[in-house]
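All values reported here derive from a predicted model rather than from experimental measurement. Worth knowing before you read on, the calculation uses all heavy atoms, side chains too, and leaves out hydrogens, waters and symmetry mates. Position 1 is the first residue of the sequence; numbering continues from there.
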Amino acid sequence: MTTWMTEERIGVGRLSLTGDLTLPEHAIGMVLFAHGSGSSRHSPRNRAVAAELNRRGLATLLADLLTPEEEVRDARTGELRFDIGLLSDRLIGMIDWLLIQPQTAALPIGLFGASTGGGAALVAAAERPEVVHAVVSRGGRPDLAGPAVLEVRAPTLLIVGERDPQVLELNEAARSTMRIRAELRIVPGATHLFEEPGALDTVAGQAGEWFTSHLSAAMAR
């Protein structure tokens, strides 16, 4: 399977953000990543998940939600990583960008959010219900999405480590609140970062199955 990889400059309002676009031949969908606290498009965990999605024929866009200057500021203060309004607005801008690029416009979109990026992904899914067809959250913070969780229409998979009790509780609450199909899957023995042997492979496999199922169905409509 031929795969094209390019670094893109993504216009979001007045900003230009950087993203790594991977496009397998005959892709069945596009997954946009929303990184978590203090992370970027270079996150090794998200790149490992993206590689598995690419293997399954899914295109991926791993993009920085902060500018280089903002990343420096956030590393010092930690404030922007919890600014879900800012992060979700930029994620929505990237969704809109994908919809007008010739190579991605026809692909149904899924969102993969990690940690605080999980909250941003849910807000973006609620704001773009006609084009976001699936959401996966890894160790996410759905509580940060606020009332937007009630407006999400895309099938949502919440993946949490067994040894991440506070985040597990937040995800259990979100699942019981959401109005659409939402599943919570617990990875045995895993902590928040899924650093235990095999834990991230489990996340990648479950995310791959979820996106393949829902995005291929959307593609066939």
Side-chain angles (χ1 to χ4, degrees), residues 7-22 29-43 45-47 49-50 53 58-71 74 79-101 104-105 107-159 174 178 180 182 207 210-211 214-215 218:
E7 183 176 281
E8 301 285 344
R9 299 299 293 176
I10 303 165
V12 178
R14 297 181 179 180
L15 296 177
S16 179
L17 300 172
T18 304
D20 294 329
L21 177 66
T22 302
M30 161 62 65
V31 179
L32 172 58
F33 281 69
H35 305 292
S37 305
S39 190
S40 72
R41 75 184 193 280
H42 300 298
S43 162
R45 286 176 289 277
N46 282 350
R47 285 191 170 275
V49 173
L53 300 186
L58 292 160
T60 55
L61 177 62
L62 293 95
D64 292 331
L65 298 181
L66 301 178
T67 66
E69 295 76 17
E70 288 170 337
E71 287 180 358
D74 186 64
E79 61 187 38
L80 295 178
R81 67 190 66 180
F82 288 100
D83 190 338
I84 300 302
L86 180 146
L87 298 178
S88 61
D89 282 350
R90 293 184 181 178
L91 199 59
I92 292 165
M94 291 179 182
I95 292 171
D96 295 343
W97 181 85
L98 286 169
L99 293 173
I100 61 172
Q101 303 308 305
T104 60
L107 297 177
I109 294 172
L111 301 178
F112 183 96
S115 190
T116 55
L122 289 170
V123 173
E127 290 291 326
R128 293 292 184 271
E130 300 302 319
V131 296
V132 175
H133 297 279
V135 178
V136 175
S137 170
R138 170 181 65 81
R141 291 288 306 276
D143 56 303
L144 297 176
V149 296
L150 299 174
E151 306 303 323
V152 175
R153 295 292 174 264
T156 299
L157 176 62
L158 307 170
I159 305 175
M178 296 179 76
I180 43 76
W210 192 265
F211 284 128
H214 293 289
L215 297 186

When you compare the side chain of L111 with that of L122, does any pair of heavy atoms fall below 4.5 Å?
no
Quick one: are L62 and H35 in side-chain contact, heavy atoms under 4.5 Å?
yes
Could you check L17 against T67 for side chain to side chain contact (heavy atoms under 4.5 Å, CB included), going step by step and ending with a plain yes or no?
CA-CA 6 Å; L17 300 172; T67 66; 3.9 Å; yes
Spacing of [X] atom [atom1] and [Y] atom [atom2] [to the nearest 0.5 Å]:
X	Y	atom1	atom2	value
T18	L66	OG1	CG	11.5 Å
L53	M30	CG	CE	11.0 Å
R153	H133	CZ	NE2	14.5 Å
F82	L87	CZ	CG	10.5 Å
L15	D64	CG	CG	12.0 Å
L32	T104	CG	OG1	10.5 Å

Looking at every heavy atom in both [X] and [Y], which two are closest together, and how far apart are they?
X	Y	answer
A182	M178	CB-SD, 4.0 Å
W210	P155	NE1-O, 3.2 Å
G118	S137	CA-OG, 4.0 Å
A154	V132	CB-O, 3.4 Å
A126	A148	CB-O, 3.6 Å
G110	F211	CA-CE2, 3.8 Å

Qualifying residues under side-chain hydrogen bond (donor to acceptor under 3.5 Å, both in side chains), relative to T60, sequence neighbours excluded:
N54
Where do D83 and T116 land on the side chain to side chain contact (heavy atoms under 4.5 Å, CB included) test, with the steps shown first?
CA-CA 9 Å; D83 190 338; T116 55; over 6 Å; no
Applying side chain to side chain contact (heavy atoms under 4.5 Å, CB included) to T22 and L58, what does each step give before you reach the verdict?
CA-CA 9 Å; T22 302; L58 292 160; over 6 Å; no
Check: R41 side chain, R47 main-chain N or O, donor-acceptor pair, under 3.5 Å:
no
Which atom pairs, one a donor and one an acceptor, fall under 3.5 Å between side chains of residues 88-100 and the rest of the protein, sequence neighbours left out?
residue: S88; atom: OG; partner: I84; partner atom: O; Å: 2.7
residue: S88; atom: OG; partner: G85; partner atom: O; Å: 3.2
residue: R90; atom: NH1; partner: L65; partner atom: O; Å: 2.9
residue: R90; atom: NH1; partner: E70; partner atom: OE1; Å: 2.5
residue: R90; atom: NH1; partner: E70; partner atom: OE2; Å: 3.4
residue: R90; atom: NH2; partner: E70; partner atom: OE2; Å: 2.9
residue: D96; atom: OD1; partner: R128; partner atom: NE; Å: 3.0
residue: D96; atom: OD2; partner: R128; partner atom: NH2; Å: 3.0

Please collect all salt bridge (charged side-chain N to carboxylate O under 4.0 Å, His left out) contacts where either partner lies in residues 135-149, sequence neighbours excluded, each pair once.
R141-D143
